[in-house]
Amino acid sequence: MNIVDRRPNPKGKSLSNRQRFLARARVEVKHAVQEALRKRKVADVGHGERVAIPTRGISEPIFHHNRRTGRTDHVVPGNKEYVRGDEIPRPQGGEGGGGREGSPDGSGEDAFEFTLSKDEFLDMFFEDLELPDLVKKSLKDTNAVDLQRAGYTVTGTPSNLSIPRTMRLSMARRISLRRPKPAELEALKAQAEEARARGDEEEAERLFCEFERQERRNKIIPYIDPIDVRYRRYERVPRPNTEAVMFCLMDVSGSMTEAMKDLAKRFFMLLHVFLTRRYRHVDVVFIRHTSTAEEVDEETFFYSRETGGTVVSTALDKMLEIARARYPTDRWNIYGAQASDGDNYGADSSRCVQLLGGEVLPLCQYFAYVEVGDGMGGSLTGLTRDSDLWRAYSEVAPAHPHFAMRRVGDPAQIFSVFHELFAKGGVRA
Amino acid sequence: MPDTRADAAQLRADMPLFTGPNWDFGSLRRVYEAIEKIAFDDLGLDCYPVQIEVITSEQMLDAYASVGLPLMYRHWSFGKRFAYHETLYRKGLAGLAYEIVINSNPVICYIMEENSMTMQTLVMAHAAFGHNHFFKNNYLFRQWTDAGGILDYLIFARDYVAKCEEKYGLDAVERVLDAAHALKSHGVNRYAHRSKPNLAEERQRTEDRRAFEEATYNDLWRTVPNRNSDDRDAETREGERQQEEDHRKLGLPEENLLYFIEKRAPRLEDWQRELIRIVRNVEQYFYPQKQLQMMNEGCATFCHYEIMNRLHDRGLITEGSMLEFLHSHSSVVFQPGFDDPRFSGLNPYALGFAMMSDIKRICEDPKGEDREFFPEIAGCGDPYRVLRNAWANYRDESFVLQYLSPKVMRDFHLFQVADDASKPVLRVEAIHDELGYRKIRSALAKQYDLSRREPDVQVLDVDLKGDRCLVLGHFVHDGVLLDEKTCRSVLRYAAWLWGYGVKLLEIEAATDKVLKTYEAATDAK
């Protein structure tokens with residue numbers, strides 16, 4: 001008999017099968033992820049998710065009997081009351097006491113449930129957005145920690161050995177324990193020999209004794225003792241990011257359809273993912289506006305409907321007001337994201353330009369504006385006339401490199417809004 | 001070595017081999033040796049050498065995913081199985097098996113690091129001896145699985161699939177494997193091969209036949225009118241003869257669908273045929289296990305029960321361990337009734353163990369009815385010889401038919417229900433009484449008969465002159481048809497492999513009447 005310890009074997013033997021499975025079920029998993037995204041809050045986007053997918057694409061059919069046809073006999077245990085000839089009503093669910101068949105391959109189940117890891121979830125999320133690989137990596141890269149010197153420790157790797165500190169302790173110990181220096185020993189020996197040469201046996205004997213004692217002491221008290229050894233200690237500290245606040249501005253007037261809002265939500269989510277990787281703490285402020293603007297919670301922001309006109313400047317006003325009151329620029333990095341279908345009250349556009357160029361942009365690290373369309377493509381690609389807001393913002397754009405504007409018809413176009421933001425590796429405070 | 005000295009001391013003093021729940025490699029070895037002595041000397045088991053491998057729970061999940069084999073080619077369905085088991089396990093809905101044992105030579109026995117020492121003892125008795133003896137001795141395993149070669153074959157299979165993926169792309173390989181998996185339960189040989197015709201023997205046979213005809217020649221036969229020449233025209237006859245000839249050449253009818261496709265499908269490439277062959281061979285390896293599940297588990301359970309009791313009798317395990325063992329043993333052989341929410345069919349551990357324990361009882365202490373039912377073994381006094389014979393020469397179906405005793409039927413309260421889809425109610429046909437014993441026994445045996453459990457699908461014909469359509473037939477017994485939805489999807493896979501259309505006829509076995517026809521066209525490759 002042979003006993004083998006397999007525990008140290010590399011893990012994740014099934015990983016490539018899992019990837020194949022996910023690739024196979026891609027359509028279904030993606031659908032489930034979209035569904036999950038709809039339910040999720042903007043700030044929750046970076047977690048794993050338990051998803052249930054329909055078995056359609058991943059079924060493994062084999063020939064098997066249809067249990068609702070023909071005549072079969074079942075022998076089952078646990079008879080309590082029946083005698084020969086008794087009639088039993090057919091159990092619902094069809095299988096006359098035959099029991100349930102093995103589950104992962106059976107046809108009985110209609111949804112297959114499993115858990116996606118955080119990375120897999122984000123992959124699915126990013127897939128739609130067509131992010132460049134480099135960006136994906138920097139987004140998923142969570143090791144944003146620095147090593148910082150933090151004193152000394154008695155354990156560590158040789159490469160971290162602190163020689164000055166070790167020698168200092170060693171010296172202190174040698175002095176306090178009165179370890180003889182080599183020169184003193186030499187001198188003692190010389191004295192003893194000199195005494196012997198003089199013929200002063202008694203003195204020589206005493207000195208030799210002393211010499212031996214000192215020499216023993218020299219051996220007993222080591223030059224460097226393990227208790228002297230010190231290593232440099234490092235602490236892992238999160239990169240000293242300051243805090244960021246993200247303002248989500250959205251037009252919720254009647255002209256915004258659900259599809260547009262969904263696009264807008266993706267846009268906000270992406271910015272949020274980006275910010276959470278850069279900053280330790282991200283606040284999100286939701287401001288919705290019609291002809292007036294108000295700060296609301298996320299639920300209301302995305303899902304409640306309002307009617308009314310559209311005055312965009314009210315939202316910018318609100319944002320300035322909140323920023324000044326709660327988010328002083330010396331502590332907070334301010335990011336703005338605005339989504340709208342481009343409608344604005346005619347006379348308001350000039351005021352928007354003033355506000356944005358004169359006050360909002362100087363305050364912000366970055367401000368992105370997306371004009372969402374209904375996803376039909378053509379209507380957004382320049383064939384139609386520019387919207388009021390688009391024309392107004394176009395005036396501001398050239399003077400401010402940290403202002404990005406883009407028209408978006410489907411999720412794949414969202415990323416291009418942030419192109420510069422990601423390309424530069426982010427705008428740092 | 002300090003270890004052996006400790007061993008000797010412990011054996012001398014008749015002290016327990018271990019105390020407390022923690023295990024270490026020294027005690028594993030000590031316990032293994034104690035079990036080995038009992039297994040060989042008392043039970044007369046005959047085993048392959050054993051390799052015990054300690055694994056973590058995550059590795060156990062890996063092993064689950066690759067259908068219990070230590071290595072497997074890559075395919076998404078294994079990933080699906082892993083995700084499924086992982087989710088169940090993480091949710092706490094399902095525990096993991098304590099062991100997995102692989103029928104190879106040497107037998108590989110996985111044990112989990114989380115098990116207590118008592119569980120490791122149980123697992124070794126169960127898997128390393130019980131299953132091991134069964135693997136080595138049962139006739140189906142001896143006939144169908146090459147224990148010495150399976151691991152090497154799996155290495156070959158994994159590497160070959162990987163090479164194909166590299167060369168032809170993941171998708172192309174996946175398509176073939178998906179399609180082959182759909183037909184895999186019809187990709188096994190159920191009977192041993194015909195021996196290959198030998199030229200000299202064939203010649204001899206023809207010669208003998210000619211000599212016989214010459215010796216018995218009677219001119220009178222020539223004058224007897226030939227039935228065929230009278231009522232059928234020559235063309236039909238020629239057609240029939242031709243068809244028979246074609247069938248003979250193609251080896252039809254053939255029930256191993258994958259084999260037929262591998263050898264005959266006109267549009268497959270060589271590597272695709274090799275992939276089909278791999279699926280076929282792996283499935284063939286599992287073919288005996290499907291027919292032996294109850295006996296295999298019963299044998300292992302019976303062995304561990306006997307061994308643990310003997311260990312306890314000899315003071316080699318503590319009372320505490322014995323109680324822990326009994327607790328887990330009784331949950332393993334627990335059989336919920338049909339109306340219990342936990343019921344999911346007959347528990348193979350429970351039935352196998354009960355039947356084997358009862359054989360032991362019949363051999364040692366038979367009652368009157370046992371003498372009537374089992375005259376040849378009742379009171380013979382050597383239960384292990386009888387059991388070893390049963391383990392070697394029976395499969396689930398024949399074992400039930402031969403050895404299911406009235407007492408076991410009474411203990412299980414077995415009853416037979418007839419489920420006729422055309423009637424609104426089920427009818428109790430037999431219960432555990434004098435009139436019912438034999439009926440229940442044969443009905444239960446039928447339930448274990450693989451050829452009844454799995455649909456009987458065969459290749460009937462290939463339309464060689466027309467559109468090359470492959471004709472499959474499902475022989476319907478007792479009116480049980482195929483499940484329509486899965487049947488259609490499987491046929492699509494079959495059509496893809498075949499390269500041309502595939503037709504499936506549902507044929508009533510008793511009357512040869514065609515009940516239903518499915519057709520699947522192939523899409524362009």
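Both backbone and side-chain heavy atoms feed into the values below; hydrogens, waters and symmetry mates do not. Below, chains carry the letters A, B, ... as their sequence lines are ordered, and counting in each starts from 1. Computed from a prediction, not measured in an experiment: that's the story for all the values here.
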From [X] atom [atom1] to [Y] atom [atom2], the distance as rounded to the nearest 0.5 Å:
X	Y	atom1	atom2	value
A:Gln19	B:Leu170	CD	CG	10.5 Å
B:Glu484	A:Thr69	CD	OG1	10.5 Å
B:Asp478	A:Asp73	CG	CG	8.0 Å
B:Asp419	A:Arg68	CG	CZ	10.5 Å
A:Ile3	B:Cys109	CD1	SG	10.0 Å
B:Met72	A:Asn17	CE	CG	9.5 Å

Can [X] and [Y] be counted as an ion pair, charged N to O under 4.0 angstrom?
X	Y	answer
B:Glu165	A:Arg20	yes
A:Glu87	B:Arg427	no
B:Asp178	A:Arg24	yes
A:Arg6	B:Glu113	no

How close do [X] and [Y] get, counting heavy atoms only, and between which atoms?
X	Y	answer
B:Asp433	A:Arg84	OD2-NH1, 3.4 Å
A:Ile88	B:Val417	CD1-CG1, 4.5 Å
B:Val425	A:Pro89	CG1-CA, 4.1 Å

Please flag which part of [X] lies under 4.5 Å from any non-hydrogen atom of chain A: side chain, backbone, both or neither.
X	value
B:Asn347	neither
B:Gln335	side chain
B:Pro455	both
B:Gln59	side chain
B:Arg488	neither
B:Leu183	side chain
B:Asp339	side chain
B:Pro106	neither
B:Gln447	side chain
B:Phe415	both
B:Ile111	neither
B:His477	neither
B:Leu346	side chain
B:Leu257	side chain

Residue among A:Gly85, A:Gly78, A:Pro77 with most heavy-atom pairs under 4.5 Å to chain B: A:Pro77

For a 4.5 angstrom cut-off between non-hydrogen side-chain atoms, does [X] reach [Y]?
X	Y	result
A:Glu60	B:Ser77	yes
B:Leu481	A:His65	no
B:Gln51	A:Val4	yes

Donor-acceptor contact present, side-chain [X] to main-chain [Y], <3.5 Å:
X	Y	result
A:Arg90	B:Lys423	yes
B:Asp483	A:His64	no
B:Thr486	A:Pro61	no

Within 6.0 angstrom of B:Lys446 NZ, more than 12 heavy atoms from elsewhere: no

B:Asp171, CG atom: more than 12 neighbouring heavy atoms under 6.0 Å: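 Check fails, neighbour count at 12 or below.
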
Steps toward side chain to side chain donor-acceptor pair (under 3.5 Å) verdict (A:Ser16, B:Arg74): CA-CA 7 Å; A:Ser16 71; B:Arg74 306 219 175 278; 3.0 Å; yes

Winner by heavy-atom pair count (cut-off under 4.5 Å) against chain A, out of B:Lys184, B:Glu429, B:Met409: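 Among the listed options, the one with the most contacts to chain A is B:Glu429.
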
Closest-packed option against chain A by number of heavy-atom pairs under 4.5 Å, given B:Leu351, B:Val457, B:Leu435: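 Option with the greatest count: B:Leu435.
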
Ring centre gap for A:Phe63 and B:His186 strictly below 6.0 Å: yes

Criterion salt bridge (charged side-chain N to carboxylate O under 4.0 Å, His left out) on A:Arg18 and B:Glu86, from CA distance to verdict: CA-CA 11 Å; A:Arg18 184 181 174 87; B:Glu86 190 191 22; 3.6 Å; yes

Parallel, tilted or perpendicular, as decided by the 30° and 60° cut-offs, for the rings of A:Phe21 and B:Trp76: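 Because their plane-to-plane angle is under 30°, the rings of B:Trp76 and A:Phe21 count as parallel.
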
Test side-chain contact (heavy atoms from CB on, under 4.5 Å) applied to B:Phe338 and A:Val76, A:Asn79, A:Val75, the passing residue: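 So, applying the side-chain contact (heavy atoms from CB on, under 4.5 Å) to B:Phe338 and each of A:Val76, A:Asn79, A:Val75, only A:Val76 qualifies.
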
